[in-house]
Number of protein chains: 2
Amino acid sequence: MQTIEQLLESKDIRVTAMRLLIYKFLANKQIAVTLSDIENAFEKADRTTLYRTIKTFEEKEIVHQIDDGTGINKYALCESGCHCEIETDLHLHFHCNNCSETICLTEHKIPQIKVPEGFVSENVNLVVKGICDKCSGQ
Amino acid sequence: MQTIEQLLESKDIRVTAMRLLIYKFLANKQIAVTLSDIENAFEKADRTTLYRTIKTFEEKEIVHQIDDGTGINKYALCESGCHCEIETDLHLHFHCNNCSETICLTEHKIPQIKVPEGFVSENVNLVVKGICDKCSGQ
DNA sequence: ATATTTAATGCAATGGAAGTGCATTTATTG
DNA sequence: CAATAAATGCACTTCCATTGCATTAAATAT
């Protein structure tokens, strides 16, 4: 079990108080969050810092960005074993039309998609929209 | 073979010069277009008109909106037999990382996606990114 | 330990795209 | 031809993403 500090260092990310806080915030969330979500959680911090922290995490593959079709970028921590850079490991995301939450369905891998002759597939984005378990249970 | 006028009327859309032009513009494109693309093609027209025309077409199921992950909405004419409102008929889209064009792969239907217990799937968005046939042929 | 260098943070501003309210023009109906 | 309804054009607004630059904090070299 490695500490967050060790994890960041192993990815060549300098450890700062802000980064630790943001990491912990993401770790506590089960859902993908927007920059605004983070902003609201850290009102004392500047939005640019939060933005750049997330971008750093993304580059270093600590988080992955999710485009769930709402037009607003969301982010979620990569899990251990989440090789988001490898095509065959992509999981899908579920966006709830009721509560607007976006959830990583990590265990649901995206099936191999065939593309026509001449096309080269590098990446796949799959978002299922509907009603999530919490909302459908009402 | 019905005329564009007849098509629009059959969908309860009033025929105007602008709408005919925009329809023809879309029909001539093999790729999905952004509002800016349309704007550039019709510099004399107001952006709002183009925007609302596209929205009208979308509501009446003349075009479908595509979210290809670039953050910019794109639109493409529905083909005959493109029942974009029916989940099982969804086709996938291909976004070229080289030329940034987005193409409807109408013949490629999206496989049935299983979601966990309690989740209700209403809609699926699948975008494959990579290199398109034109760019890979270089 | 201190100077030097490098990276992180904060502030201000910009730009792109989506969307809305209202006045005006154009088309449709009585 | 008058009355009504919809389409168009203009002016804004809002929201989010992104960048430049000055400042502060951290890491490295001396």
Side-chain angles (χ1 to χ4, degrees), chain A residues 4-26 32-60 62-76 95 100 102, chain B residues 4-26 32-60 62-76 95 100 102:
Chain A
I4 302 173
E5 283 88 342
Q6 288 169 337
L7 172 65
L8 294 183
E9 277 167 5
S10 75
K11 301 264 186 177
D12 276 318
I13 301 173
R14 283 201 195 172
V15 177
T16 68
M18 200 68 246
R19 285 172 177 177
L20 287 172
L21 285 172
I22 295 174
Y23 186 94
K24 284 172 190 161
F25 175 75
L26 293 169
V33 299
T34 65
L35 191 60
S36 296
D37 292 335
I38 305 175
E39 234 181 301
N40 294 335
F42 298 99
E43 297 199 334
K44 282 170 289 185
D46 187 77
R47 213 167 41 89
T48 315
T49 304
L50 304 174
Y51 172 76
R52 284 198 258 241
T53 300
I54 278 290
K55 287 294 163 190
T56 301
F57 282 3
E58 198 188 344
E59 276 167 29
K60 300 301 172 70
I62 296 259
V63 304
H64 57 266
Q65 196 187 72
I66 300 158
D67 170 25
D68 64 4
T70 57
I72 302 164
N73 291 150
K74 297 190 177 177
Y75 305 90
H95 177 75
S100 293
T102 297
Chain B
I4 302 174
E5 283 88 343
Q6 287 169 339
L7 172 66
L8 295 183
E9 277 167 6
S10 75
K11 301 263 186 179
D12 276 319
I13 300 172
R14 284 199 193 175
V15 176
T16 68
M18 200 68 246
R19 286 172 176 177
L20 287 172
L21 284 171
I22 294 175
Y23 186 95
K24 284 173 189 161
F25 175 75
L26 292 169
V33 299
T34 65
L35 191 60
S36 296
D37 291 335
I38 305 175
E39 234 181 300
N40 293 334
F42 299 98
E43 297 197 335
K44 282 169 289 185
D46 187 78
R47 211 173 42 86
T48 315
T49 303
L50 304 175
Y51 172 75
R52 285 199 257 240
T53 299
I54 279 290
K55 287 295 162 190
T56 301
F57 282 4
E58 200 189 342
E59 276 168 30
K60 301 300 172 72
I62 296 260
V63 304
H64 58 266
Q65 197 188 73
I66 300 158
D67 170 27
D68 64 3
T70 57
I72 302 163
N73 291 149
K74 297 191 178 178
Y75 306 90
H95 177 75
S100 293
T102 297

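Chain A is the first sequence line, chain B the second, and so forth, proteins listed ahead of strands; every chain is numbered from 1.
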Ring centers of B/F57, B/Y75 separated by less than 6.0 Å = no
Among C/dT9, C/dT6, D/dT8, which is the nearest nucleotide to the side chain of A/T49?
-> C/dT9
Whole-Å distance, B/E39 CD to C/dG16 P, equals 11 Å
note: A/R19, atom CZ; D/dA26, atom C1'; distance rounded to Å ~ 11 Å
Side-chain (B/R47) to main-chain (B/E39) donor-acceptor, under 3.5 angstrom = no
DNA chain C: B/S36 or A/D46, which has the more 5' nearest nucleotide?
-> A/D46
Consider the side chain of A/R47, meaning its heavy atoms from C-beta on, and name the nucleotide among C/dA8, C/dA13, D/dG9 that approaches it most closely.
-> C/dA13
May I ask you to verify whether the side chain of A/T34 and the base of D/dC16 hold a donor-acceptor pair under 3.5 Å?
-> no
Using a 4.0 Å heavy-atom cut-off across all strands, classify A/T48 as base, sugar-phosphate, or nothing.
-> base
Taking only the side-chain heavy atoms of A/R14 (C-beta and beyond), determine which of C/dA18, C/dA7, C/dC11 contains the nearest atom.
-> C/dA7
Distance (rounded to the nearest 0.5 Å) between B/L35 CG and B/L50 CG = 6.5 Å
Mapping B/N73 and B/R52 onto DNA chain C by nearest heavy atom, which one lands closer to the 5' end?
-> B/N73
Take the protein atom CG of B/L8 and the nucleotide atom P of C/dT28, then report the distance between them rounded to whole Å.
-> 13 Å
Nearest 0.5 Å please: distance from the CG atom of B/D67 over to the NE2 atom of B/H95.
-> 11.0 Å
Gap between atoms CG and P, on A/L50 and D/dT18 respectively (whole Å) = 15 Å
Nearest to the side chain of B/I72 - C/dA18, D/dT8, C/dA8?
-> C/dA18
For the pair made of CD1 in B/I13 and P in D/dT8, what is the distance, rounded to whole Å?
-> 11 Å
Rounded to the nearest 0.5 Å, what separation is found between the CD1 atom of A/I54 and the OG1 atom of A/T34?
-> 10.0 Å
What is the nucleic acid contact for B/K55, judged by heavy atoms within less than 4.0 Å: base, sugar-phosphate only, or nothing?
-> sugar-phosphate
Phosphate-side-chain proximity, B/T16 and D/dT8, N/O vs OP1/OP2 below 4.0 Å = yes
Quick one: B/L21 CG to D/dT8 C1', roughly how many Å, whole number?
-> 14 Å
Side-chain atoms of A/L35 come closest, of C/dG19, D/dA17, C/dC22, to D/dA17
For the pair made of CD in A/E58 and P in D/dA17, what is the distance, rounded to whole Å?
-> 11 Å
Provide, to the nearest angstrom, the distance between the CZ atom belonging to B/F42 and the C1' atom belonging to D/dT8.
-> 15 Å
Using a cut-off of less than 4.0 Å, is there contact between a side-chain N or O of B/Y51 and OP1 or OP2 of C/dA18?
-> no
